[in-house]
Visitor: 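My questions will all concern the structure given below.
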Amino acid sequence: MVLSIAPTEYWAGNDGPWSTFYVHIGTPAQPMIQVLPASSQSVTAVVIANIGCDEQCPANWPDLRGGTFDPDPSEDLSYRPITPTNAEAYFQMDYDSEQYLPNYHWQDNETANCAVGLDTLALDWSGKSAPKAPGLQSQLVSSYAAPNPWLGMLGLNGRPAHLQANNASSSIPSVLQGLQTNKSISGLYWAYTAGAHYATPTTYGSLTLGGYDAARAVMSSGITVPFGPDSEFDLSLWITNIIISGSSETVVQGMPVYTFIDSVVPEIWLPPAVCADFESAFGLVWNETLEIYLVNDTQHEKMLHDNANVTIFLAANTSTSDMTKITLPYGAFDLAAQYPLAGIQDNTTSLNYFPLKRANDSGQTYLGRTFLQQAYVTADYDRQIFTVSPAVVPAEQGAMTLKTVHPPGHHAGLSTGTIAGIAVGAVAAVALFVGLMFWLWRRRKAQRQRQQQQQQLDTETVRTASIGDTTIVGDTEMAELQHREYYKQPPLSEHYGKPELDAYETAQALVGQQTERHELDAGSVRPGPGHRSGLSWGSSGSGVSGGVSAMSDDRMRNMFSEPSPPPMYPSGSPSPPLTGRRHSRQHSAGSPRGLFEMN
């Protein structure tokens, strides 16, 4: 479960053009407010209505500040104000992570005041697990009037906010924790890059909750760093080297430097010795009064022409060889200051400046939004680690490749798509199995049928034997005797003449009945001259004209060397076949069949 927060596609801010995101607060929801992601904050902080600027502010200051919020319970039905323990009207803005910086206060070096309450919060999130309208309930919202930060903030920190209110200390879940409780995201994880107004095409910021967008970073070139020991400075790591390359190359001195990544801060804060090398490379001049590097028009044109790059090498510690490098073109430093920065008193004036600040001590070193234009940072509060990778411009505007990051020990359930895929696969497997079984059954059935047919053919095979041109036909009832040959004609001897009629038919002929004589084919072998066959030929004195004498059983037994078969019809011989025709026995509809038969 991962949520992508859509950018507004607007650029806002008085310290540079920054890609903003909308928040919707209240019931009914008040007008949308543009905010910037705040990596060090656990609350959503927005500019308060009506008093969010003093009398010197431009008339359109609510629009310049991205919109305002009215914490009035009579107008906002879901807002529940929280009263401080000390009975004061306001809380103090939580800038613990920025406590070493001089400009995070309202006036007289006092921390900015804010009104605090619980309210409904919604973002322009997309994803199947996005919270339903109206959004997350009972989210901590603070509203402030101080000019810094100029735009409101969406807290990304995965830790709860702590309040001393109503005479008790309370812990209020952060936005990430609320989304996790709501089962909108799996892990306490965020990923962010600030976007690049100078890129071609213009690239808006990317904010992902519960995972990251692989289309916006080269994760394989990044590093993984454990959280810092101080929870207020958890995204701390080392700058091991900085190289400025343009018409010439400058290797910055004073390295390494321990620093803190913080999207609340717009600039990069580095020790004065490091800033000195930037001054030489870019021709910068520090304005002591305004504490800013202003860039005049001539310098600005030269810097655009030279288009020098600044490459920052980062590592988890100073002894590791595992590093990543983030390269910022000059466009990332080409920013403009507006009211009320740099002493500007109107909303029409803007001054080019270089977003580098001199840190008075080691506790003031920061890598802010300027750095995040080219860096993609993720924070994993479940594992207490963060990553830094080079940011990339997506191949297509708005293209995303979202990746969910689960907490340790998470056993992911099957998604709807996965379940559907398994179901389709299972149905296909069952169908394949049934088809295979049916094919095997049909094959075996065909084999059995062929075997039965063969057995029936074997059983019903009609055994035959021939004597001369006459064939003796067996019967299916003699199937059990089919392997014995009873009608085998011995080879002709020289003293034999041509064979006479079939012995069977001759034996069955009735004495004195007219019969037909069967001759050999024209090509048959005949005896030599004067030789007579052992068989008696019919003569004029025989009383049978042109026929043969009926043969006795004795003479038949003398003619064949093998015994005659047993009677085929014990109850009596069938009627003799028609004379002059070779006969093969055929079954009638009522006659018995062989031992096997086909249905």
Visitor: Will you find, in the side chains of Ser78 and Asp76, an N or O donor that is under 3.5 Å from an N or O acceptor?
Guide: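 Yes - a donor-acceptor pair under 3.5 Å links their side chains.
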Visitor: Is any NZ, NE, NH1 or NH2 atom of the basic residue among Arg358 and Glu288 found under 4.0 Å from an Asp or Glu carboxylate oxygen of the other?
Guide: yes
Visitor: For the side chain of Gln364 and the backbone of Asn360, is there at least one donor-acceptor N/O pair under 3.5 Å apart?
Guide: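 Between the backbone of Asn360 and the side chain of Gln364 there is a qualifying donor-acceptor contact (under 3.5 Å).
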Visitor: Would you confirm whether Thr120, through its side chain, and Gln137, through its main-chain N or O, come within 3.5 Å as a donor-acceptor pair?
Guide: no
Visitor: How long is the gap from CD1 on Ile33 to OG1 on Thr20, to the nearest 0.5 Å?
Guide: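 Ile33 atom CD1 to Thr20 atom OG1 measures 12.0 Å (nearest 0.5 Å).
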Visitor: For Asp382 and His406, does a side-chain donor sit closer than 3.5 Å to a side-chain acceptor?
Guide: no
Visitor: Looking at OH of Tyr293 and CG of Asn287, how far apart are the two atoms once the value is rounded to the nearest 0.5 Å?
Guide: 11.0 Å
Visitor: Backbone N or O of Val47 within a donor-acceptor pair of the Ser143 side chain at under 3.5 Å?
Guide: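 Judged by distance alone, no pair lies under 3.5 Å.
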Visitor: I'd like to know whether Leu335 forms a side chain to side chain contact (heavy atoms under 4.5 Å, CB included) with Asn352, so could you lay out the CA-CA distance, the side-chain angles of the two residues, the decisive distance to 0.1 Å, and finally the verdict.
Guide: CA-CA 6 Å; Leu335 301 180; Asn352 293 322; over 6 Å; no
Visitor: Evaluate Met400 against Ser206 for side chain to side chain contact (heavy atoms under 4.5 Å, CB included), listing each step before the verdict.
Guide: CA-CA 10 Å; Met400 294 184 293; Ser206 172; over 6 Å; no
Visitor: Could you report the tightest heavy-atom contact between Glu98 and Ser40, atom names first, then the distance?
Guide: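 Residues Glu98 and Ser40, closest heavy atoms: OE2-OG, 2.8 Å.
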Visitor: Between Gln139 and Asp119, is any side-chain donor less than 3.5 angstrom from a side-chain acceptor?
Guide: no
Visitor: Is the side chain of Thr404 donor-acceptor paired with the backbone N or O of Met1 at a distance under 3.5 Å, no angle test?
Guide: yes
Visitor: Within the 3.5 Å criterion, strictly below it, is a donor on Thr378 or Tyr189 matched to an acceptor on the partner's side chain?
Guide: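 A pair is found: one side chain offers a donor N or O, the other an acceptor, under 3.5 Å apart.
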Visitor: Is any side-chain heavy atom of Ser184 closer than 4.5 Å to a side-chain heavy atom of Trp125?
Guide: no
Visitor: For residues Phe69 and Val141, report the shortest heavy-atom separation together with the two atoms involved.
Guide: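 The pair with the smallest heavy-atom distance is CE2-CG1, 4.3 Å.
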Visitor: Answer yes or no: does atom CG of Asp297 have more than 12 heavy-atom neighbours from other residues, nucleotides or ligands under 6.0 Å?
Guide: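 It does not: Asp297 CG has 12 such atoms or fewer within range.
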Visitor: Is the closest side-chain heavy-atom distance between Pro390 and Thr324 below 4.5 Å?
Guide: yes
Visitor: Taking the side chain as C-beta and beyond, is there a heavy-atom pair between Pro340 and Trp150 under 4.5 Å?
Guide: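 Pro340 reaches Trp150 side chain to side chain.
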Visitor: Between Tyr366 and Phe371, does the ring centre distance come in under 6.0 Å?
Guide: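 No, they do not, as the ring centres are separated by 6.0 Å or more.
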Visitor: Is a donor on one side and an acceptor on the other found under 3.5 Å between the side chain of Tyr144 and the backbone of Pro149?
Guide: yes
Visitor: Working to the nearest 0.5 angstrom, can you tell me the gap between Leu367 CG and Ser263 OG?
Guide: 12.0 Å
Visitor: Classify the angle between the aromatic ring planes of Phe333 and Phe354 as parallel (below 30°), tilted (30 to 60°) or perpendicular (above 60°).
Guide: parallel
Visitor: Could you grab the distance from atom CD of Gln384 to atom CG of Leu188, nearest 0.5 Å is fine?
Guide: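 Going from CD on Gln384 over to CG on Leu188, the span is 10.0 Å.
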Visitor: Counting distance only, does the side-chain N/O of Tyr353 pair as donor-acceptor with the main-chain N or O of Asp15 below 3.5 Å?
Guide: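 Looks like yes, one N/O pair under 3.5 Å.
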Visitor: Determine, for Arg383 against Asp380, whether the closest basic-nitrogen to carboxylate-oxygen distance falls under 4.0 angstrom.
Guide: yes
Visitor: Establish, from distance only, whether the side-chain atoms of Asn317 and Thr320 form a donor-acceptor pair under 3.5 Å.
Guide: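 Looking only at side-chain atoms, Thr320 and Asn317 do not form any donor-acceptor pair under 3.5 Å.
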Visitor: Quick check against the 3.5 Å criterion: does Lys403 have a side-chain atom that pairs as donor or acceptor with the backbone of Val2?
Guide: no
Visitor: Spell out, as yes or no, whether a donor-acceptor pair under 3.5 Å connects the side chain of Gln41 to the backbone of Asp94.
Guide: yes
Visitor: Where the side chain of Thr365 meets the backbone of Tyr258, is there a donor-acceptor pair that is under 3.5 Å apart?
Guide: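 Judged by distance alone, yes, a pair lies under 3.5 Å.
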Visitor: Within the 4.5 Å heavy-atom criterion, are Leu235 and Ser39 side-chain neighbours or not?
Guide: yes
Visitor: Less than 4.5 Å apart, any side-chain heavy atom of Leu356 and any of Thr370?
Guide: no
Visitor: Anything under 30° is parallel, anything over 60° is perpendicular, the rest tilted; go ahead and classify Phe282 against Phe278.
Guide: parallel
Visitor: Between the side chains of Ser389 and Ser221, is a donor N or O closer than 3.5 angstrom to an acceptor N or O?
Guide: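 Absent: no donor and acceptor within the cut-off.
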Visitor: Would you check if Ser186 and Pro407 make a side-chain contact, meaning some heavy-atom pair closer than 4.5 Å?
Guide: yes
Visitor: Could you tell me whether the side chain of Tyr100 and the main chain of Ala359 form a donor-acceptor pair under 3.5 Å?
Guide: no
Visitor: Given the rule in the side chain to side chain contact (heavy atoms under 4.5 Å, CB included) test, do Leu123 and Leu154 qualify, once you have shown the distances and angles that lead to the verdict?
Guide: CA-CA 10 Å; Leu123 306 174; Leu154 173 64; 3.9 Å; yes
Visitor: Evaluate the side-chain proximity of Asn113 to Gln92: yes if any heavy-atom separation is below 4.5 Å, no if none is.
Guide: yes
Visitor: How long is the straight-line distance from OG of Ser97 back to CG of Asp262, given to the nearest 0.5 Å?
Guide: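 Output value for this atom pair is 6.0 Å.
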Visitor: Distance from Leu136 atom CG to Ile25 atom CD1, nearest 0.5 Å?
Guide: 12.0 Å
Visitor: Is any side-chain heavy atom of Tyr95 closer than 4.5 Å to a side-chain heavy atom of Leu101?
Guide: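 They are not in side-chain contact.
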Visitor: May I have the step-by-step check of ring-ring contact (aromatic ring centres under 6.0 Å, His included) for Phe227 and Tyr381, ending in yes or no?
Guide: CA-CA 9 Å; Phe227 276 176; Tyr381 291 87; 5.2 Å; yes
Visitor: Hey, are Thr203 and Arg216 close enough side-chain-wise for a donor-acceptor pair under 3.5 Å?
Guide: no
